[in-house]
Amino acid sequence: MEYIFTQCRPVSCMHPIMSSSSSYKSFHRLLHLISFIIVFPSIHSQSSQSTSALPTGHLKPLGSHRPPDVDIDELNEVPSPREFYEKYVKHGRAVIFRGAAKESPGFKLWTDEYLREKYGDLEVRLEGKREKGSHLIPMGDKYIGRSSIGHFIDHYHTTNRYMVSELPTAMYPEFFVPPCLSCGLFRDRLVEIDIWMSGGDSHSILHKDAFNAINCLVNGTKYWKLIERKYEKWIYEAWEPDNEVGGYSEINVEEVDMIKHPDIAKVPWSNFTIHAGDCLFLPSTYYHQVSSAGETNLAIAVLFAFQYREYDDRGCNETEPAFTPLSEFDVGWQWPGHGYMTMGHHDIWEIKDEMLEAARENGPIRFDKELFRGADTDKLQEVQEILDPEGKGYLTVEDINKLDGDTLRKYALAIEAREPSNTEEYEYTYVDYSELKDVIQILMDRDGALTRKKFILVYKEVLGGTKQYAIGLFDKLTRDTKRDKVLPADIEQNLEYALEKYRLLQKIYPVPPGEEDLVKDEL
């Protein structure tokens, strides 16, 4: 039962445009930070490998190692829920539904002008395009990594920004879910609805997601490369902590190093194009790499969970399966377009299934630290108040069966770590506490004092923060909003006070086994 309390699904797995080549924050950012202040000479090296001996596809885009040789079914009509399950979901097979997205009103309505006019005040989550060479999260009109839709529409063609967000619920009526999910257990297992939007020219890394998804393209073109999970042993999967779900490859998809990663040559793969109006069923087991093109590229992803061996088609005989407005579904995680975003949380119905399984095998679930490991007394009390409002001190199978979606959502929010990028205080976790402390010390050691202008510049350009937060931090260092210089005495007296929120809210990045000493040496 430990996993009920600790398991989570990180946003980074669902949105790998900005994923790094390892799961822990490397020392390279600090080297960049120092080099911004003290210029280092550049050192370049070239490979002595003879070009005549290079393997096929070396330093070329993923897929250059061999022609695509795995076919994907393409259908002009969406199958029934049962056929969809029997042919595709059950076996983890991808399939394309040509033209299915054209049934949604949003296919015609969602122009830049319409989105700005009708939904302009709603907020969305931002990322920076990895292929533009930036590790920085864009600044929206709200705060770092968060923008109103109107502001995004006004700037996404001319700036390094990419919308990767939960779809605000106000937009649900204008997107229709394909008939294959309209009844039976599928209907009850929609986890999250995401929107992806860019000005094209974006490329993901090679990764797999935590949930099955139906990806529907509203505008633009997407070029997909798929690799089945059975070839996972050859794709050089990057290390991640045990509690993270999904996965990604460490290879550079734009220039695959076939000498460093020779097993890629063994990997069969699929290659196909999704046009505006098409939908793709992507099982969670598939590794995929996606490139987007078009002046506007907008897609909706319907994430759903399904882990049963037998299909339950309840409700399918009552009405004919049809394209159905998303607003008619009870999606596990819904977001109104403001405040805390719930992107990346665990499937609430799977949590319930796990609790039921534990209660059936071991008897009633009791609220104690042995069951909910890592929980302090206050957290246990909070969990019990949510799940056991009568105060019995335990949950029976009957009690668990009665838990509804709202209760399970409250429980999940209580036990799961909140992804920093979903919050309004993301900057406190995005700007690294140790690096921030180091850069202040470097500047003080070099100049003997720290000017407001210099600090704001370094905070923005090196650490990736915003002017607003830089000013607030500087004022805490001086404890005087009118002063423009931080002195050594200020650092001694006020540094920890000024950095308190960065320290308390700092996200902890796990280190791969065997590399703890390496990280210590670098630091």
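Since this is a predicted model, take the numbers as computed values, not measurements. Any value given below was found using the heavy atoms of this structure, including those in side chains, with hydrogens, waters and symmetry copies removed. Position 1 is the first residue of the sequence; numbering continues from there.
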J.: Nearest 0.5 Å, please: how far is CG in L303 from CD1 in I193?
T.: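 If we round to the nearest 0.5 Å, I193:CD1 and L303:CG are 7.0 Å apart.
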J.: Kindly state each residue pair satisfying salt bridge (charged side-chain N to carboxylate O under 4.0 Å, His left out) with at least one member in residues 59-68, sequence neighbours excluded.
T.: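 Pairs touching residues 59-68 that pass the test: R66-D69.
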J.: Can you label the angle between the F304 ring and the F84 ring as parallel, tilted or perpendicular, going by 30° and 60°?
T.: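 Plane angle between 30° and 60°, so tilted.
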J.: If we only count heavy atoms from C-beta on, is the S270 to P68 side-chain gap below 4.5 Å?
T.: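 No, side chains not in contact.
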J.: Atom CD1 of I72 and atom CZ of F272: how far apart are they, to the nearest 0.5 Å?
T.: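 So the CD1 of I72 and the CZ of F272 are separated by 5.5 Å.
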J.: Would you check if the side chain of W196 reaches a backbone N or O of S165 as a donor-acceptor pair within less than 3.5 Å?
T.: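 No.
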J.: Any non-hydrogen side-chain atom of I205 less than 4.5 Å from a side-chain atom of Q289?
T.: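 They are not in side-chain contact.
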J.: Hey, are the side chains of E255 and H58 touching, using non-hydrogen atoms and a 4.5 Å cut-off?
T.: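 E255 does not reach H58 side chain to side chain.
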J.: Taking all non-hydrogen atoms of both residues, which atom of L206 and which atom of V253 are closest, and how far apart?
T.: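 Minimum heavy-atom separation between L206 and V253: N-CG1, 3.6 Å.
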J.: In terms of side-chain heavy atoms, does D209 have a donor or acceptor partner in S284 at a distance below 3.5 Å?
T.: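 No donor-acceptor contact under 3.5 Å links the two side chains.
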J.: What verdict does the side chain to side chain donor-acceptor pair (under 3.5 Å) test give for T221 and H275, after you've listed the backbone C-alpha separation in whole Å, the side-chain angles of each residue and the deciding distance to 0.1 Å?
T.: CA-CA 5 Å; T221 304; H275 303 283; 4.5 Å; no
J.: Going by the angle between their ring planes, with limits at 30° and 60°, are Y430 and Y426 parallel, tilted or perpendicular?
T.: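 The arrangement is tilted - the two ring planes meet at 30° to 60°.
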J.: Taking the side chain as every heavy atom from C-beta outward, state whether Y340 and E424 have any atom pair closer than 4.5 Å.
T.: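 Of all side-chain heavy-atom pairs linking E424 with Y340, none is under 4.5 Å.
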J.: Whether R161 engages the ring of F152 as a cation-pi pair (distance to the six-membered ring centre under 6.0 angstrom, angle to the ring normal within 45°) should be assessed.
T.: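 No, R161 and F152 do not form such a contact.
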J.: Provide the closest heavy-atom pair for C180 versus F186 in the form atom of the first, atom of the second, distance.
T.: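 That closest heavy-atom pairing would be O-CD1, 3.4 Å.
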J.: Please list, chain by chain and in numerical order, all residues satisfying side chain to side chain donor-acceptor pair (under 3.5 Å) with Y286, sequence neighbours excluded.
T.: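 Testing Y286 for side chain to side chain donor-acceptor pair (under 3.5 Å), a comparison that skips the adjacent residues, returns none.
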J.: Pairs under 3.5 angstrom only: tabulate donor-acceptor contacts from the side chains of residues 462-469 to other protein residues two or more places apart or in another chain.
T.:
{"residue": "T466", "atom": "OG1", "partner": "E427", "partner atom": "OE1", "Å": "2.9"}
{"residue": "T466", "atom": "OG1", "partner": "E427", "partner atom": "OE2", "Å": "3.3"}
{"residue": "T466", "atom": "OG1", "partner": "Y469", "partner atom": "N", "Å": "3.4"}

J.: Does the pair L115 and M171 meet the rule for a side chain to side chain contact (heavy atoms under 4.5 Å, CB included), with working shown?
T.: CA-CA 10 Å; L115 293 174; M171 299 176 69; 3.7 Å; yes
J.: The criterion is disulfide bond (SG atoms under 2.5 Å apart); which residues satisfy it with C216, sequence neighbours excluded?
T.: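 With neighbours one apart ignored, the set is C279.
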J.: Using 0.5 Å steps for rounding, measure from the CD atom of E77 to the CG atom of L75.
T.: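 Result: 9.0 Å between the selected atoms.
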J.: With a 4.5 Å limit on heavy-atom distance, are the side chains of L326 and L167 in contact?
T.: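 Yes, their side chains come closer than 4.5 Å.
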J.: Name all residues meeting the side-chain contact (heavy atoms from CB on, under 4.5 Å) criterion together with R116; count only those two or more places apart in sequence or in a different chain, and write none if there are none.
T.: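 Applying side-chain contact (heavy atoms from CB on, under 4.5 Å) to R116 gives E113, I153, D154.
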J.: Does E354 reach the side chain of H346, with side-chain heavy atoms less than 4.5 Å apart?
T.: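 Of all side-chain heavy-atom pairs linking H346 with E354, at least one is under 4.5 Å.
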J.: Tell me whether the rings of Y502 and Y428 are parallel (<30°), tilted (30 to 60°) or perpendicular (>60°).
T.: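 Plane angle over 60°, so perpendicular.
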J.: Distance-only, no hydrogens or angles: does the D263 side chain make a donor-acceptor pair with backbone N or O of W234 under 3.5 Å?
T.: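 Answer holds: no.
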J.: Is I264 close to Y236 at the side-chain level, that is, under 4.5 Å between some pair of heavy atoms?
T.: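 Yes, close enough: below the 4.5 Å cut-off.
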J.: To the nearest 0.5 Å, how far apart are CZ in F281 and CG in L181?
T.: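 Going from CZ on F281 over to CG on L181, the span is 8.5 Å.
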J.: Taking only residues two or more places apart in sequence, or in another chain, which ones meet R82 in a side-chain contact (heavy atoms from CB on, under 4.5 Å)?
T.: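 Partners of R82 by the side-chain contact (heavy atoms from CB on, under 4.5 Å) criterion, ordered by chain and then number, come out as S80, E86, Y311, D313.
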J.: What I want to check is whether the side chains of T342 and Q334 have a donor and an acceptor closer together than 3.5 Å.
T.: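 Short answer, no.
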J.: For side chain to side chain contact (heavy atoms under 4.5 Å, CB included), just list the numbers for H65 and V267, CA-CA rounded to whole Å, side-chain angles, deciding distance to a tenth of an Å, and then say yes or no.
T.: CA-CA 9 Å; H65 63 287; V267 178; 4.2 Å; yes
J.: Could you name each residue pair satisfying salt bridge (charged side-chain N to carboxylate O under 4.0 Å, His left out) that touches residues 211-220, not counting sequence neighbours?
T.: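 Output for this query is empty, none listed.
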J.: Determine which pairs satisfy side-chain hydrogen bond (donor to acceptor under 3.5 Å, both in side chains) with at least one residue from residues 295-304, sequence neighbours left out, and list them in order.
T.: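 Of all non-adjacent pairs touching residues 295-304, those that pass side-chain hydrogen bond (donor to acceptor under 3.5 Å, both in side chains) are Y156-T296, K222-N297.
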J.: Scan for disulfide (SG to SG under 2.5 Å) pairs involving residues 64-109, sequence neighbours excluded, and state none if there are none.
T.: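 The answer is none; no pair qualifies.
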J.: Step by step, work out the side chain to side chain contact (heavy atoms under 4.5 Å, CB included) result for V177 and F329.
T.: CA-CA 9 Å; V177 176; F329 289 76; 3.8 Å; yes
J.: Measure the CD1-CD1 distance between I144 and I137 for me, rounded to the nearest 0.5 Å.
T.: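 Spacing of CD1 (I144) from CD1 (I137) equals 7.0 Å.
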J.: Given the rule in the side chain to side chain donor-acceptor pair (under 3.5 Å) test, do E174 and Y119 qualify, once you have shown the distances and angles that lead to the verdict?
T.: CA-CA 12 Å; E174 294 175 352; Y119 304 114; 2.9 Å; yes
J.: What residues form a side chain to side chain donor-acceptor pair (under 3.5 Å) with K108, not counting sequence neighbours?
T.: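 For K108, no residue satisfies side chain to side chain donor-acceptor pair (under 3.5 Å) once neighbours in sequence are set aside.
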J.: Have a look at H345 and tell me which of E419, R418, E416, E192 forms a side-chain hydrogen bond (donor to acceptor under 3.5 Å, both in side chains) with it.
T.: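 So the option named by the test is E416.
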J.: What closest approach, in Å, do P179 and P81 show between heavy atoms, and which atom pair accounts for it?
T.: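 Minimum heavy-atom separation between P179 and P81: O-CG, 3.5 Å.
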J.: Are S148 and D121 linked by a side-chain donor-acceptor pair shorter than 3.5 Å?
T.: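 Their side chains do not contain a donor-acceptor pair, so the 3.5 Å distance test is not met.
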J.: Under 4.5 Å between any side-chain heavy atoms of I348 and W333, yes or no?
T.: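 The answer is yes, as the side chains (C-beta and beyond) meet within the 4.5 Å cut-off.
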J.: Mind checking what makes side chain to side chain donor-acceptor pair (under 3.5 Å) contact with Y143, not counting sequence neighbours?
T.: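 Partners of Y143 by the side chain to side chain donor-acceptor pair (under 3.5 Å) criterion, ordered by chain and then number, come out as R146.
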J.: Please walk me through it: do E83 and Y88 pass side chain to side chain donor-acceptor pair (under 3.5 Å)?
T.: CA-CA 8 Å; E83 182 183 1; Y88 302 105; 5.8 Å; no
J.: Under 3.5 Å, side chain of H207 to main-chain N/O of S249, donor-acceptor pair present?
T.: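 Judged by distance alone, no pair lies under 3.5 Å.
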J.: Can you list the residues that meet the side chain to side chain donor-acceptor pair (under 3.5 Å) rule with D278, with sequence neighbours excluded?
T.: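 For D278 the side chain to side chain donor-acceptor pair (under 3.5 Å) partners, ignoring immediate neighbours, are R98.
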J.: Under 4.0 Å between a Lys/Arg side-chain N and an Asp/Glu carboxylate O for R125 and E127?
T.: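 Yes.
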J.: Roughly how far, to the nearest 0.5 Å, is the CD1 atom of I235 from the CG atom of L62?
T.: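 Result: 10.0 Å between the selected atoms.
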J.: E250 vs H261, test: side chain to side chain donor-acceptor pair (under 3.5 Å). Steps then yes/no.
T.: CA-CA 9 Å; E250 66 180 33; H261 305 119; 3.2 Å; yes
J.: Is there a donor-acceptor pair under 3.5 Å between the side chain of S292 and the backbone N or O of G200?
T.: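 Checked: no pair found.
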J.: So W224 and N271, side chain to side chain contact (heavy atoms under 4.5 Å, CB included) or not? Walk me through it.
T.: CA-CA 6 Å; W224 289 75; N271 185 44; over 6 Å; no
